[in-house]
Amino acid sequence: MWCPKCKNEYREGITVCVDCKVDLVESLDKTEEDTELLHSFAEEEDAKKLVSYLEYSGISSHCEPMKEENLFGVFLEKTKMKQAKKAFAAFLTVETQKRLEDMMDSDSAATVMEEESGTEKSVSREAKDGEETEENQEEVMEELRLALSSASQGSYVSKAEKSADYRSSAITFLFFGVVGLIVMGLHWAGVFQYFSTLSSIVLTVLFAGFLFVGIDSFSRAKKARAESEEEERFNAQLKEWLEQNLTYDTLLAVDQAELSKEANFLNEINEMKKIIQKNFGELDPAFLEHFTEEYYNEHFDNL
């Protein structure tokens with residue numbers, strides 16, 4: 001086992017570096033350029049929880065402190081980033097559900113206390129819990145939005161993939177929003193009484209939020225689908241131009257004999273980016289990174 005930060009080797013059975021306090025990895029074959037930050041947390045416990053979740057999903061990652069920002073980052077191979085972002089969205093959804101359940105349990109306890117005591121203190125506690133619950137509700141909705149958008153941030157995701165992801169999210173949120181509002185409608189109509197008044201208000205707002213997010217996601221999916229057609233046309237135009245104007249010898253001209261093969265590869269990729277932006281203007285950095293590596297692998301990797 002190796003520390004990805006200080007590169008010290010440890011015997012089997014040890015999982016955390018004594019000096020750096022980061023999770024060990026099985027191999028140091030991958031360089032720092034091959035890894036990327038997935039997400040950062042204020043608490044180390046939350047970062048390690050995500051590492052465990054990714055491990056369960058078959059994605060190897062590690063946690064290390066980011067001293068400049070006083071945060072704890074979760075890092076993994078760039079090649080696994082797309083898969084990891086989808087797992088991260090699921091992780092956020094699960095954590096949000098847990099928070100919602102804890103919030104409901106806390107609300108139920110406050111309701112029981114009110115019924116048993118009947119004092120002004122209990123009424124005051126209910127008002128305080130109501131304010132805290134409203135704040136928690138806002139945080140829950142914000143985290144749900146983060147779960148929707150996290151998979152599309154950072155590494156490049158095509159417009160076609162975004163459209164499919166938005167559509168999938170829309171179907172999920174609409175389903176739970178509609179079903180939830182039907183249940184709460186029956187509750188408010190007096191068909192059954194399973195929730196306290198405060199819990200009923202919170203759940204009704206939450207399911208209405210689900211419905212809103214679902215409708216918004218469908219709108220985003222439609223927009224992304226239209227943008228994907230334009231993106232495909234631009235990709236075809238860009239590839240055709242490169243095939244006519246860019247040769248491998250042009251990229252080899254920036255190689256330096258004293259540098260490693262990997263370092264020269266990065267120089268060649270950067271040169272290709274400069275050529276593209278010189279002729280097509282400023283482009284989205286994530287798109288440019290994705291496109292140049294894909295084009296290089298298809299046209300020059302075996303040369």
Side-chain angles (χ1 to χ4, degrees), residues 36 38-39 46 49-50 53-54 56-59 74 76 80-104 133-189 195 199-235 284-287 290-291:
E36 187 173 348
L38 173 62
H39 194 71
D46 294 331
K49 188 182 297 185
L50 175 57
Y53 186 89
L54 293 174
Y56 178 79
S57 302
I59 304 171
V74 176
L76 64 149
K80 300 289 186 180
M81 188 57 65
K82 181 178 177 181
Q83 179 186 359
K85 285 181 179 296
K86 292 182 179 180
F88 179 45
F91 170 81
L92 285 177
T93 301
V94 171
E95 289 299 305
T96 300
Q97 290 175 345
K98 289 181 180 179
R99 289 194 59 187
L100 180 59
E101 291 173 359
D102 293 341
M103 183 179 67
M104 291 299 99
T133 301
E134 185 176 353
E135 293 176 359
N136 288 338
Q137 172 66 20
E138 294 177 357
E139 293 178 4
V140 167
M141 294 307 301
E142 182 61 27
E143 290 186 4
L144 286 172
R145 288 186 173 277
L146 178 59
L148 279 175
S149 62
S150 61
S152 63
Q153 296 175 349
S155 296
Y156 177 74
V157 179
S158 70
K159 296 295 190 298
E161 291 174 316
K162 282 185 178 181
S163 177
D165 288 341
Y166 279 133
R167 183 176 179 81
S168 176
S169 298
I171 293 173
T172 300
F173 278 102
L174 283 177
F175 173 79
F176 285 105
V178 170
V179 172
L181 288 177
I182 290 175
V183 171
M184 296 313 301
L186 295 174
H187 168 81
W188 290 113
F195 312 107
S199 296
S200 302
I201 295 173
V202 170
L203 287 173
T204 301
V205 173
L206 179 65
F207 289 128
F210 281 4
L211 194 63
F212 172 79
V213 172
I215 295 172
D216 180 64
S217 296
F218 262 126
S219 175
R220 291 173 183 268
K222 183 178 180 181
K223 181 180 178 181
R225 185 168 63 251
E227 292 175 346
S228 70
E229 297 176 357
E230 178 63 28
E231 182 181 66
E232 290 176 2
R233 286 192 292 270
F234 178 75
N235 283 348
D284 175 19
F287 165 78
H290 171 80
F291 179 88

Point-to-point distance, once rounded to the nearest 0.5 Å, from CD1 of Ile201 to CG of Leu206: 13.5 Å

Nearest-0.5 Å distance, CD of residue Glu232 to NZ of residue Lys159: 11.5 Å

Check: Arg225 main-chain N/O paired with Ser228 side-chain donor or acceptor under 3.5 Å: yes

Parallel, tilted or perpendicular, as decided by the 30° and 60° cut-offs, for the rings of Phe210 and Phe173: perpendicular

Met184 side chain near Phe195 side chain, heavy-atom distance below 4.5 Å: yes

Interatomic distance, Glu227 atom CD to Arg220 atom CZ [nearest 0.5 angstrom]: 11.0 Å

Within 6.0 angstrom of Phe218 CZ, more than 12 heavy atoms from elsewhere: yes

Exceeds 12 heavy-atom contacts within 6.0 angstrom, atom CZ of Phe234: yes

Single hit among Leu211, Leu203, Thr204 for side-chain contact (heavy atoms from CB on, under 4.5 Å) with Phe207: Leu203

Test item: Ser219 side-chain N/O and Ile215 main-chain N/O as donor-acceptor pair under 3.5 Å: no

Gap separating the CD atom of Glu230 from the CG atom of Asn235, nearest 0.5 angstrom: 10.0 Å

Closest non-hydrogen atom pair between Ala170 and Ser217, with its separation: CB-CB, 3.6 Å

Gap separating the NZ atom of Lys162 from the OG atom of Ser169, nearest 0.5 angstrom: 13.0 Å

